[in-house]
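Data first, discussion second: the structure below is written as structure tokens.
Lettering of chains follows the sequences in order, A, B, ..., and the numbering in each one begins at 1.
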Protein chains: 4
Amino acid sequence: MINKVILIGNVGADPEIRTLESGVKMARIRVATTERIYNREAQESRDHTEWHSVVLWRNLADVADRFIRKGSQVYIEGRLRSREWTDQQGVKRYSIEILADDLKMLGRRSDNPSAGQPLSPQGGQQGYGGQPSQPAYGGGYGQGGNASYSGGGYQPQQPAQTPAAPEVNLDDPDDLPF
Amino acid sequence: MINKVILIGNVGADPEIRTLESGVKMARIRVATTERIYNREAQESRDHTEWHSVVLWRNLADVADRFIRKGSQVYIEGRLRSREWTDQQGVKRYSIEILADDLKMLGRRSDNPSAGQPLSPQGGQQGYGGQPSQPAYGGGYGQGGNASYSGGGYQPQQPAQTPAAPEVNLDDPDDLPF
Amino acid sequence: MINKVILIGNVGADPEIRTLESGVKMARIRVATTERIYNREAQESRDHTEWHSVVLWRNLADVADRFIRKGSQVYIEGRLRSREWTDQQGVKRYSIEILADDLKMLGRRSDNPSAGQPLSPQGGQQGYGGQPSQPAYGGGYGQGGNASYSGGGYQPQQPAQTPAAPEVNLDDPDDLPF
Amino acid sequence: MINKVILIGNVGADPEIRTLESGVKMARIRVATTERIYNREAQESRDHTEWHSVVLWRNLADVADRFIRKGSQVYIEGRLRSREWTDQQGVKRYSIEILADDLKMLGRRSDNPSAGQPLSPQGGQQGYGGQPSQPAYGGGYGQGGNASYSGGGYQPQQPAQTPAAPEVNLDDPDDLPF
DNA sequence: TTTT
DNA sequence: TTTT
């Protein structure tokens with residue numbers, strides 16, 4: 001009924017970007033979360049790092065492509081999704097990924113090396129690159145103009161990779177009663 | 001950047017339902033969350049109940065209207081929203097509400113008295129009532145045919161109160177690569 | 001930095017209970033979360049069920065033992081934890097579990113069949129069983145007296161399985177300034 | 001039953017620090033969360049900033065005092081808590097705060113101006129200041145030596161402001177079976 | 001393997 | 001493989 005994951009951590013490597021034949025863009029990142037773990041008997045503590053496989057689709061993949069680099073600190077909200085696959089030896093394997101529903105870049109813009117220069121050579125950014133006068137995601141993130149996108153909405157008429165409606169979540173309080 | 005509230009609690013009274021002239025439906029509920037609070041000095045504990053004002057719009061309002069009754073146990077995910085208003089003495093008041101993005105009915109169907117018989121007399125349910133052969137929300141809730149709706153998506157072409165797309169959040173894993 | 005999982009779902013089978021030689025109690029449950037998944041092209045939807053392995057320790061294990069049965073609806077908050085192990089063929093395997101930090105029983109008490117009669121034959125409940133006059137967790141859950149325990153606190157002086165401090169998190173607002 | 005708030009945002013001013021006669025330290029901060037809000041009719045969007053009052057106690061207050069400055073980006077997890085008070089005109093007022101259970105500093109250390117130099121003149125840090133050889137919170141934050149504290153645990157024997165057990169939640173995986 |  |  002509810003299957004929710006919230007991560008804040010650092011990305012271990014530049015994102016892997018793929019674009020399917022259908023034109024749908026996908027990104028995969030590895031996110032590290034480190035926590036201090038306590039041993040009550042020994043009165044000791046040490047750090048434990050957990051690595052998470054996160055998959056992002058469409059606009060979230062595009063934000064990942066454009067803004068995430070090795071070392072970036074990110075907020076991810078998503079769902080656990082198990083996947084079955086067959087390895088090279090023909091053995092059935094089973095893995096768990098986090099399917100992202102939201103992504104936010106954390107820290108200040110200056111924290112992110114070379115943000116804004118997409119890594120992927122497939123040229124998935126035509127929609128953005130040609131518009132110097134109106135940067136699709138604000139030309140940065142942080143407080144005001146943030147580089148984020150809340151995915152997941154049911155958006156039938158919206159072509160993939162269109163910069164419209166970057167951050168999901170409701171309507172104008174001036175026009176609508178809230 | 002992130003403003004998220006998650007509540008699980010019981011509803012203190014039947015929902016207040018309103019339909020605006022524009023046809024947009026709204027519901028308001030009061031949700032109680034009780035927690036045990038500890039006094040470390042006295043080694044005592046006691047319960048504290050916090051009451052939350054939750055506002056739901058459109059399809060979420062409709063689910064609230066149809067399934068929530070006094071005593072219902074609900075899951076709410078939403079955002080904090082402050083509101084300024086002027087009371088009858090002309091004094092400026094300020095209140096905080098939770099604007100719901102998701103609602104799930106908890107417990108078994110039998111837990112909810114008279115679920116399925118909407119309270120609101122305004123007749124906001126025409127879209128559902130005339131379809132005995134295809135109950136809009138499964139005639140119940142729980143996990144299969146669930147009485148829930150994740151709101152918030154950017155849904156320009158979707159007329160208010162249409163039962164389509166009840167639970168936001170993605171696409172068919174058979175057709176899409178996840 | 002943040003590694004948080006929130007689940008609401010139904011338990012697929014009675015919990016597996018183990019007590020280590022050290023006296024530490026552990027429970028393992030499988031929790032199903034079902035969500036509706038949408039195919040935007042086909043305008044179709046179908047349900048997907050994800051199964052989650054949840055591990056609970058100490059007091060949380062005890063609550064699981066006493067109140068969770070096949071079919072129970074539960075709220076779990078925890079962390080993702082990967083584990084490496086070697087299967088019977090000597091192949092290295094890797095699995096992911098959710099290490100619970102909080103557990104709440106959802107629905108009304110009557111929803112849970114035979115709650116209160118621990119399944120585990122190991123007799124780990126001596127601390128509770130001998131007190132018919134003062135049921136350790138309120139003789140039920142739901143609104144007021146809830147069968148829950150928020151684990152995780154650093155509780156050096158607290159012997160395992162002592163019913164003290166069921167729901168972690170704070171002090172008396174009368175004595176402390178909040 | 002569950003009353004949880006998760007915020008990521010920027011702090012509007014240096015924290016207000018108070019130490020009670022009992023020696024218990026408290027901090028209050030204002031956190032801004034900005035979100036883009038969409039007007040489906042007008043196909044427009046604009047930003048809305050919500051300000052949150054967050055109260056932190058004991059070790060969390062101390063971390064706030066030492067590391068939070070105007071502009072800091074923070075992660076807060078906590079609970080909604082309403083408070084009644086009487087204003088200067090004798091009118092009963094009612095406000096809502098977020099009582100923090102967890103705090104993490106986001107971004108890189110260099111993002112936070114003058115971190116490590118506590119603002120509060122009350123000298124609440126004696127416990128830390130006198131230990132140049134073993135900085136209580138690593139002299140920085142981030143994931144390794146992080147400036148955070150997950151509050152809330154039931155910690156009867158633990159004197160306030162002792163640096164012990166900074167991040168609640170569990171034991172050594174080498175010694176304990178998880 | 002749950003739930004509806 | 002990140003971060004400090």
Selection from [options] that lies nearest to any side-chain heavy atom of [X]:
{"X": "A:W51", "options": "E:dT2, F:dT3, F:dT1", "answer": "F:dT1"}
{"X": "C:T34", "options": "F:dT2, E:dT1, E:dT3", "answer": "E:dT3"}
{"X": "A:N10", "options": "E:dT2, F:dT2, E:dT1", "answer": "F:dT2"}

Can you check the [X] [atom1] to [N] [atom2] distance for me, whole Å?
{"X": "C:L7", "N": "E:dT2", "atom1": "CG", "atom2": "C1'", "result": "13 Å"}
{"X": "C:D47", "N": "E:dT2", "atom1": "CG", "atom2": "P", "result": "15 Å"}
{"X": "A:E50", "N": "F:dT2", "atom1": "CD", "atom2": "P", "result": "16 Å"}
{"X": "C:Q73", "N": "E:dT4", "atom1": "CD", "atom2": "P", "result": "9 Å"}
{"X": "A:R69", "N": "F:dT1", "atom1": "CZ", "atom2": "P", "result": "20 Å"}
{"X": "C:Y75", "N": "E:dT2", "atom1": "OH", "atom2": "P", "result": "25 Å"}
{"X": "A:K70", "N": "F:dT4", "atom1": "NZ", "atom2": "P", "result": "13 Å"}
{"X": "B:L106", "N": "E:dT3", "atom1": "CG", "atom2": "P", "result": "16 Å"}

Check ion pair [X]-[Y] (N to O, under 4.0 angstrom):
{"X": "C:E35", "Y": "A:R81", "answer": "yes"}
{"X": "A:K104", "Y": "A:E77", "answer": "no"}
{"X": "C:R93", "Y": "C:E84", "answer": "no"}

Could you pull out all residues at least two apart from A:T49 that satisfy side chain to side chain donor-acceptor pair (under 3.5 Å)?
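With neighbours one apart ignored, the set is A:T34.
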